[in-house]
Trainee: 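Have a look at this one.
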There are 2 protein chains.
Amino acid sequence: MSARTFVQTGRKIVAIGRNFSEHAKELGNAVPMSPFFFLKPTSSYVVSPGKIEIPQGCVVHHEVELGVVIGKTGRNISAADASEYIAGYALALDLTARNLQDEAKKKGLPWSAAKGFDTFTPVGPFIPASEIADPHKVRLWIEVAGQIKQNGTTDAMVFQIPQLIEHVSRIMTLEEGDLLLTGTPKGVGPVQPGERVVAGLEYQGKELSRIEFDAVARN
Amino acid sequence: MSARTFVQTGRKIVAIGRNFSEHAKELGNAVPMSPFFFLKPTSSYVVSPGKIEIPQGCVVHHEVELGVVIGKTGRNISAADASEYIAGYALALDLTARNLQDEAKKKGLPWSAAKGFDTFTPVGPFIPASEIADPHKVRLWIEVAGQIKQNGTTDAMVFQIPQLIEHVSRIMTLEEGDLLLTGTPKGVGPVQPGERVVAGLEYQGKELSRIEFDAVARN
Ligand SMILES: [Mg+2]
Ligand SMILES: [Mg+2]
Ligand SMILES: [Mg+2]
């Protein structure tokens, strides 16, 4: 087991919602007063280059996010100690069946299906923590069918990574290889079968990760 | 990896909601027209005999359930083929911070925190599928502080196990060691620090599993 192999060995994906205020607003949501999260199954991982599957009847939205890969087990981790638990990072997409999510929200039902289809967590390779001295100065962008859709920096997070780790680990133990998705900047929108999705992660003007996926219809 | 070691090696817990109509009604919910589910993290497992931790400020309810342990990887599994994917069973509790869940439902937020605290999935040992020829004839009971609270049989499920496997696997691939929690009979209620929780699983009048936990305050 190692944080490097998080896609194969990790046991959970914890995804933060509405952690960029401009994104919360674009979906008509209030900016949260405290962090909240949902779980995605590890069966939703797909590595780059690969295929994103669009299930029939689903309006699938892209959300480009910074993933934090946990390096050691901890619970009740204080924000002050959080950096010791970070092994590295990964560029990730938190794909979402937006129509199913909207329905679930209206009915007070779980988000798990809307967020959990196979291939709904496309990821790039592990980036060691040493390559990103300040994870709140990362640029994330995504292009769909040749058009830039999201392009933001992690300094706009409502709750910063140490606070997120503190919040989550007061509820559930974080383990080596777990992935924490830290929320998406504004500009989310649909991905359709036949479209190509390319995303990048930059730090200090240098591209540390680029991922590429082809969207296809799920069978 | 083996289904027998699902607590140590399994990568997800998929839990079905409102699958017993009397339970749906006791919480003021409609009986669902199609199955729905949420995810619990594998970090919430605790094996019997053990301790259930009650977080401060949480009204924690017991839900005794039949767990189905998946034996091989599959997706788009038809109900007709579902039994091939079942390695065995386990007696389990789906502990729930009911006050947090009620708040999440009202706000259209995920159930993940309400369902995902450490120790919120107490389980008993693996029971090979061969010991339960018909999983819809299982009796489940739970006692809290010496009083019987739930006592029901799995023939009352709204959606039977093959349909549940078909439904979930159309969304997410099921993998060896995954646990499917199949819903709880009526009679859910609070568990408080200092109380002892004992539950049992019977098949054809024979007790196949008994689990025991002491509830303590979480620190
Ligand atoms: Mg959920
Ligand atoms: Mg997201
Ligand atoms: Mg339940």
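Just so it is clear: chains get the letters A, B, ... in the order the sequence lines come, proteins before strands, and each one is counted from 1.
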Trainee: Is there a side-chain contact between P110(A) and F37(B) in this structure, where contact means two heavy atoms from C-beta onward sitting under 4.5 Å apart?
Mentor: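 In short, these two side chains do not touch, never coming nearer than 4.5 Å.
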
Trainee: Test S43(B) against every option in R75(A), K12(A), E175(A) by the side chain to side chain donor-acceptor pair (under 3.5 Å) rule and name the one that passes.
Mentor: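 Only match with S43(B) under side chain to side chain donor-acceptor pair (under 3.5 Å): K12(A).
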
Trainee: Between N76(A) and R218(B), what is the shortest heavy-atom contact and its length?
Mentor: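 Reported closest heavy-atom pair: OD1-NH2, 3.0 Å.
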
Trainee: Can you measure from OG1 (T42(A)) to CG (L39(B)) and round to the nearest 0.5 angstrom?
Mentor: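 Reported value, rounded in 0.5 Å steps: 9.5 Å.
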
Trainee: Anything in residues 14-33 of chain B with a heavy-atom distance to chain A below 4.5 Å? Please list those residues in order.
Mentor: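 Within residues 14-33 of chain B, near chain A: R18(B).
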
Trainee: Please find the pair of heavy atoms, one from V7(B) and one from R11(A), that lie closest to each other, and give the distance.
Mentor: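 Shortest heavy-atom contact: O-NH2, 3.0 Å.
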
Trainee: As an exercise, state the distance from CZ of F117(A) to OG1 of T173(B), rounded to the nearest 0.5 Å.
Mentor: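 These two atoms lie 11.5 Å from each other.
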
Trainee: Does anything in residues 157-171 of chain A pair up under salt bridge (charged side-chain N to carboxylate O under 4.0 Å, His left out), and if so which pairs, sequence neighbours excluded?
Mentor: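 Listed once each, the pairs are E166(A)-R170(A).
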
Trainee: With a 6.0 Å cut-off (strictly less than), is the heavy-atom count around NZ of K107(B), excluding the residue itself, greater than 12?
Mentor: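 Result for NZ/K107(B): open.
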
Trainee: Atom CG of D118(A) and atom CE of M172(B): how far apart are they, to the nearest 0.5 Å?
Mentor: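 So the gap between those two atoms works out to 8.0 Å.
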
Trainee: Can you say whether D178(B) sits under 4.5 Å from chain A via the side chain, the backbone, both, or neither, judging by heavy atoms?
Mentor: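 Answer is neither: D178(B) stays 4.5 Å or more from chain A.
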
Trainee: Considering only heavy atoms, which portion of Q101(A) lies under 4.5 Å from any heavy atom of chain B: side chain, backbone, both, or neither?
Mentor: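 No part of it gets close to chain B.
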
Trainee: Which bit of P55(B) comes within less than 4.5 Å of chain A, counting heavy atoms only: side chain, backbone, both or neither?
Mentor: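 P55(B) has no heavy atom closer than 4.5 Å to chain A.
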
Trainee: Could you work out, with salt bridge (charged side-chain N to carboxylate O under 4.0 Å, His left out) as the rule, every residue matching K51(B), not counting sequence neighbours?
Mentor: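 Not a single residue meets the salt bridge (charged side-chain N to carboxylate O under 4.0 Å, His left out) criterion with K51(B).
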
Trainee: Give, as side chain, backbone, both or neither, the part of A113(A) having an atom under 4.5 angstrom from any heavy atom of chain B.
Mentor: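 For A113(A), the contact with chain B is made by backbone and side chain together.
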
Trainee: Are any of the side-chain heavy atoms of L109(A) and W111(B) separated by less than 4.5 Å?
Mentor: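 In contact.
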
Trainee: Taking only residues two or more places apart in sequence or in another chain, which ones pass salt bridge (charged side-chain N to carboxylate O under 4.0 Å, His left out) with R210(B)?
Mentor: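 For R210(B), the residues satisfying salt bridge (charged side-chain N to carboxylate O under 4.0 Å, His left out) (neighbours in sequence not counted) are E207(B).
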
Trainee: For F36(B), is it the side chain, the backbone, both or neither that has a heavy atom under 4.5 Å from a heavy atom of chain A?
Mentor: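 Just its side chain gets close to chain A.
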
Trainee: Under 4.5 Å from any heavy atom of chain B, what part of S44(A) do you find: side chain, backbone, both or neither?
Mentor: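 For S44(A), there is no contact with chain B at all, as no heavy atom is under 4.5 Å.
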
Trainee: I'd like to know whether NZ of K105(B) has more than 12 heavy-atom contacts from other residues, nucleotides or ligands below 6.0 angstrom.
Mentor: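 It does: K105(B) NZ has more than 12 such atoms within range.
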
Trainee: Heavy-atom distances under 4.5 Å only: say whether K40(B) touches chain A with side chain, backbone, both or neither.
Mentor: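 The backbone, not the side chain.
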
